[in-house]
Amino acid sequence: DQVFHIVPETFQQVQHLQHLCSTLPLDLWKPQLPEDIRTGEDLHIRVPAPLVQEVKDSLDHHMISYKVVIPDVQKLVDESMPKERSSDRQVPEGYIYTQYHPMEEIYQWMAQIKKNNSELVTQHYLGKTIENREMYYLQISQPSDKTKKIIWMDCGIHAREWISPAFCQWFVKEILQNYKSDPKISRFLQNLDLYVLPVLNIDGYIYSWEKDRLWRKNRSPHMNGTCYGTDLNRNFNSSWGSIGVSYNCSSETFCGSGPESEPETRAVAHFIERKKSDILCYLTIHSYGQYILTPYGSTTKPPSNSEELMHVAEKAAAALTGKYGTSYKVGSTSLILYSNSGSSRDWAHMIGIPFSYTFELRDNGTHGFVLPVDQIQPTCEETM
Amino acid sequence: AAMEVPLSHGLASRAAALATGYLCYRRGSPGRGLALRSLRRARREDIDDVGHKYYLELELEDVLDKDNTVNCTAEVLYHLGNKNTAPNVQFTLEGELKNTDEADNIFYNRIKSLEKELVAENIPDSHGNVPPEMEPIRLLAWVASGYVIWQNSTENTKFQLAQIKYVKQVKRSDEYLEFDYMILLHDMVSQEIIPWQMTVLWHPQHGVQVTQDSRQPKHA
């Protein structure tokens with residue numbers, strides 16, 4: 001099948017084109033109806049393969065000039081379809097990564113991923129949330145006799161940032177689907193282990209599905225159950241409670257009753273503390289804003305390895321922009337956004353993890369936290 | 001004297017967001033919402049006894065047609081001290097905005113001919129979906145929220161419309177369309193979600209007007 005572009009020059013040409021449309025099974029893309037064909041206006045028409053020669057002959061005969069803008073429609077269709085993997089057994093059958101999933105499904109997904117990729121993936125318990133739900137991270141690790149450095153990535157520390165857990169799931173899928181065929185990924189896994197926590201704030205995430213889409217914090221009760229939630233990203237022991245926080249439970253940036261007062265914070269902090277000498281990079285994924293943020297939020301004084309941190313972040317932002325043109329800003333939180341203390345990223349850097357970044361994914365505010373599902377794929381692809 | 005402000009700096013992006021909100025209010029319609037595509041340049045002047053003035057060069061995009069962009073210069077003056085006066089915003093658009101008369105009239109006639117008043121909630125829904133017939137209702141809120149954002153912004157706030165909780169049409173005997181909205185604004189700086197009620201009047205030839213608005217308490 002081919003798609004032709006024609007600009008009719010005379011009324012006779014318009015009439016002939018309308019005649020062709022009514023006598024042959026042609027697919028008019030633009031305009032939608034034959035009666036809307038006009039001189040001087042673009043016409044786009046798909047011609048089924050068996051009719052291509054006949055239509056070309058007819059146009060030539062009537063001195064109507066045309067241009068073939070798509071010489072093979074099927075080829076274009078094939079190229080735009082998500083690639084079918086014959087190795088589908090590596091990924092849960094039919095798990096749709098371009099949709100948002102409730103926590104139940106994410107738990108099931110983790111179990112499936114582990115089961116289908118047991119040579120590479122193990123699931124580990126981190127701790128329990130305030131509402132007693134189990135927190136797990138996935139470890140993607142290629143068996144080897146050398147100890148490897150670790151890259152840690154957590155998603156969903158803020159409940160309403162749904163694109164974040166969606167990205168963690170996408171990331172795992174991409175690695176597992178491509179580690180054999182993609183030389184970059186396979187070299188990566190030879191030297192590094194990946195630890196991914198798909199949802200850190202499980203209770204909050206569930207609450208944003210069931211009760212309040214724009215909930216941010218966890219669900220710890222305060223003041224006799226009259227007020228809920230600590231901002232987990234203000235609860236870490238990095239200049240805790242000093243700036244950019246509220247001591248009031250009703251605020252979105254309530255930092256909790258003390259550093260690491262929340263079980264979710266402790267679960268992550270204790271694990272990272274134990275493994276810190278092997279962790280090369282700490283990544284925490286948020287939305288929205290399109291930023292790659294470096295330490296610190298609590299002070300404008302730059303971290304010791306600030307040049308290197310910025311250099312790497314700028315390369316990452318450039319690679320990201322290269323995919324779909326999405327522009328990301330790079331810099332320290334305290335300069336670009338606002339001051340804040342107790343963030344997980346600041347804490348990770350302060351205990352000695354050299355590369356520590358917060359990613360704020362799409363978008364810029366037009367949709368904000370409620371990013372439409374059709375942006376899940378491009379967001380994840382560019383961030384990958 | 002005006003000093004350059006780094007484009008990624010929080011202060012520049014807040015002023016840009018405010019200017020965009022104001023501009024959107026002045027030029028928007030149910031067929032046209034404008035959003036900030038990029039900030040090209042920002043300078044700031046501290047005027048003694050008056051306040052802080054930002055000189056901005058912006059690129060805006062049409063929310064419905066991202067490739068449609070327009071450049072603009074804006075001046076934003078945050079008044080010193082007095083938190084009850086809205087910032088002063090002036091702008092100049094370079095070039096023309098797409099004509100939306102046809103879409104506006106279609107929407108106007110559609111609503112005028114409804115038998116029952118329009119009522120809707122959660123736009124967009126949790127997954128970011130907006131049914132096509134609700135898109136003009138959403139854009140109207142986007143435009144009207146520009147007014148609320150303008151009136152309530154300071155150098156320490158950066159507001160965006162997060163979601164429409166509900167909207168109710170109010171039937172009128174004159175030619176205007178009236179909608180009562182409950183919206184949720186997100187302030188990037190404090191991270192707060194602020195419910196806000198606004199009464200919006202619109203007519204294709206008369207633009208968008210917010211005749212009444214009030215901040216609502218956050219429910220427990």
Side-chain angles (χ1 to χ4, degrees), chain A residues 99-100 102 158 160 162-163 208-210 212-217 223 225-228 231 233-234 244-246 249-254 288-293 317 325 327-340 360 363-376, chain B residues 5-14 16-17 20-21 24 33-39 59 61-64 66-67 122-130 138-139 142 145 149 155-165 184-195 217-220:
Chain A
Q99 269 179 22
Y100 297 116
H158 288 139
R160 58 195 182 201
W162 285 15
I163 187 64
S208 74
W209 271 79
E210 294 177 357
D212 182 353
R213 176 62 177 82
L214 296 175
W215 188 259
R216 169 183 167 90
K217 306 181 286 178
M223 312 204 317
T226 58
C227 178
Y228 283 82
D231 183 344
N233 205 34
R234 300 287 186 278
V245 296
S246 169
C249 167
S250 53
S251 163
E252 296 281 21
T253 52
F254 174 54
Y288 60 92
Q290 294 172 199
Y291 303 106
I292 299 179
L293 300 167
S327 81
Y328 266 61
K329 296 206 206 30
V330 174
S332 80
T333 301
S334 55
L335 286 177
I336 293 198
L337 272 188
Y338 41 61
S339 298
N340 72 334
E360 295 275 357
D363 62 12
N364 250 325
T366 308
H367 297 96
F369 300 119
V370 197
L371 194 67
V373 298
D374 63 7
Q375 288 206 40
I376 295 180
Chain B
V5 181
L7 295 177
S8 57
H9 200 286
L11 289 173
S13 63
R14 291 170 205 177
T20 304
C24 193
L34 295 168
L36 181 66
R37 166 76 79 96
S38 67
L39 176 61
E59 190 190 7
E61 67 186 18
D62 185 319
V63 161
L64 291 178
K66 301 282 174 76
D67 290 330
N122 288 334
I123 300 170
D125 68 14
S126 287
H127 297 251
N129 300 318
V130 178
R138 177 187 151 225
L139 282 183
W142 177 261
S145 70
I149 290 171
E155 270 176 298
N156 294 315
T157 62
K158 186 174 171 197
F159 291 114
Q160 286 286 168
L161 173 64
Q163 195 183 31
I164 299 165
K165 267 328 256 182
L184 297 176
L185 288 179
H186 171 236
D187 173 24
M188 180 69 92
V189 179
S190 67
Q191 290 298 333
E192 293 296 332
I193 301 289
I194 308 164
K218 228 167 72 159
H219 20 242

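Letters A, B, ... are given to chains in the order of the sequence lines, protein chains preceding strands, and every chain is numbered from 1.
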Original post:
Where the side chain of Glu252(A) meets the backbone of Ser190(B), is there a donor-acceptor pair that is under 3.5 Å apart?
Top reply: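 Side chain of Glu252(A) to backbone of Ser190(B), a donor-acceptor pair under 3.5 Å: no, none is there.
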**OP:** Grab the two heavy atoms, one from Ile193(B) and one from Arg160(A), that are nearest each other, plus how far apart they are.
**Re:**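 The pair with the smallest heavy-atom distance is CG1-NH1, 3.3 Å.
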**OP:** Might you point out which heavy atoms bring Gln160(B) and Asn364(A) nearest each other, and give the distance in Å?
**Re:**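 Of all heavy-atom pairs spanning Gln160(B) and Asn364(A), the closest is OE1-O, 3.9 Å.
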**OP:** Take Lys158(B) and Tyr338(A) through the test side-chain contact (heavy atoms from CB on, under 4.5 Å) and record every step on the way to the result.
**Re:** CA-CA 11 Å; Lys158(B) 186 174 171 197; Tyr338(A) 41 61; over 6 Å; no
Distance, nearest 0.5 Å, that separates [atom1] of [X] from [atom2] of [Y]:
X: Glu192(B); Y: Ser250(A); atom1: CD; atom2: OG; result: 7.5 Å
X: Leu214(A); Y: His186(B); atom1: CG; atom2: NE2; result: 8.5 Å
X: Arg213(A); Y: Leu184(B); atom1: CZ; atom2: CG; result: 11.5 Å

Original post:
Highest number of heavy-atom pairs under 4.5 Å with chain B: which of Ser251(A), Gly365(A), Gly368(A)?
Top reply: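 The option with the most such pairs is Gly365(A).
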Subject >> Pairs of heavy atoms under 4.5 Å with chain B: top-ranked of Val373(A), Ile336(A), Thr253(A), Leu371(A) >> reply: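 Highest number of heavy-atom pairs under 4.5 Å: Ile336(A).
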Original post:
Can you name the residues that form a side chain to side chain donor-acceptor pair (under 3.5 Å) with Trp162(A), not counting sequence neighbours?
Top reply: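 Counting only residues at least two positions away or on another chain, Trp162(A) forms a side chain to side chain donor-acceptor pair (under 3.5 Å) with Ser208(A).
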By a 4.5 Å heavy-atom criterion (distance strictly below it), what part of [X] contacts chain B: side chain, backbone, both, or neither?
X: Phe369(A); value: side chain
X: Leu337(A); value: both
X: Ser334(A); value: neither
X: Tyr288(A); value: both
X: Thr366(A); value: both

Original post:
Given a strict heavy-atom distance threshold of 4.5 Å, which part of Asn122(B) is in contact with chain A: side chain, backbone, both, or neither?
Top reply: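 When you check distances to chain A, no heavy atom of Asn122(B) falls under 4.5 Å.
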Original post:
For Leu161(B), is it the side chain, the backbone, both, or neither that has a heavy atom closer than 4.5 Å to a heavy atom of chain A?
Top reply: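 Backbone of Leu161(B) only, per the 4.5 Å heavy-atom cut-off to chain A.
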**OP:** Check the side chains of Arg216(A) and Gln191(B) for a donor-acceptor pair under 3.5 angstrom, ignoring hydrogens and angles.
**Re:**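 Short answer, yes.
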Original post:
Excluding sequence neighbours, so at least two apart, what forms ring-ring contact (aromatic ring centres under 6.0 Å, His included) with Trp142(B)?
Top reply: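 In terms of ring-ring contact (aromatic ring centres under 6.0 Å, His included), with neighbours along the sequence ignored, Trp142(B) is linked to no residue.
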Original post:
If you count heavy-atom pairs under 4.5 Å between each of Gly10(B), Ser8(B), Ala35(B), Ser38(B) and chain A, which one has the most?
Top reply: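 The candidate making the most pairs under 4.5 Å is Ser8(B).
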**OP:** Please determine, among Arg14(B), Met188(B), Gln163(B), the option with the most heavy-atom pairs under 4.5 Å with chain A.
**Re:**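 So the answer, after comparing Arg14(B), Met188(B), Gln163(B), is Met188(B).
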Original post:
His127(B) vs Trp209(A) aromatic rings, parallel, tilted or perpendicular, using cut-offs 30° and 60°?
Top reply: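 His127(B) vs Trp209(A) ring planes: perpendicular.
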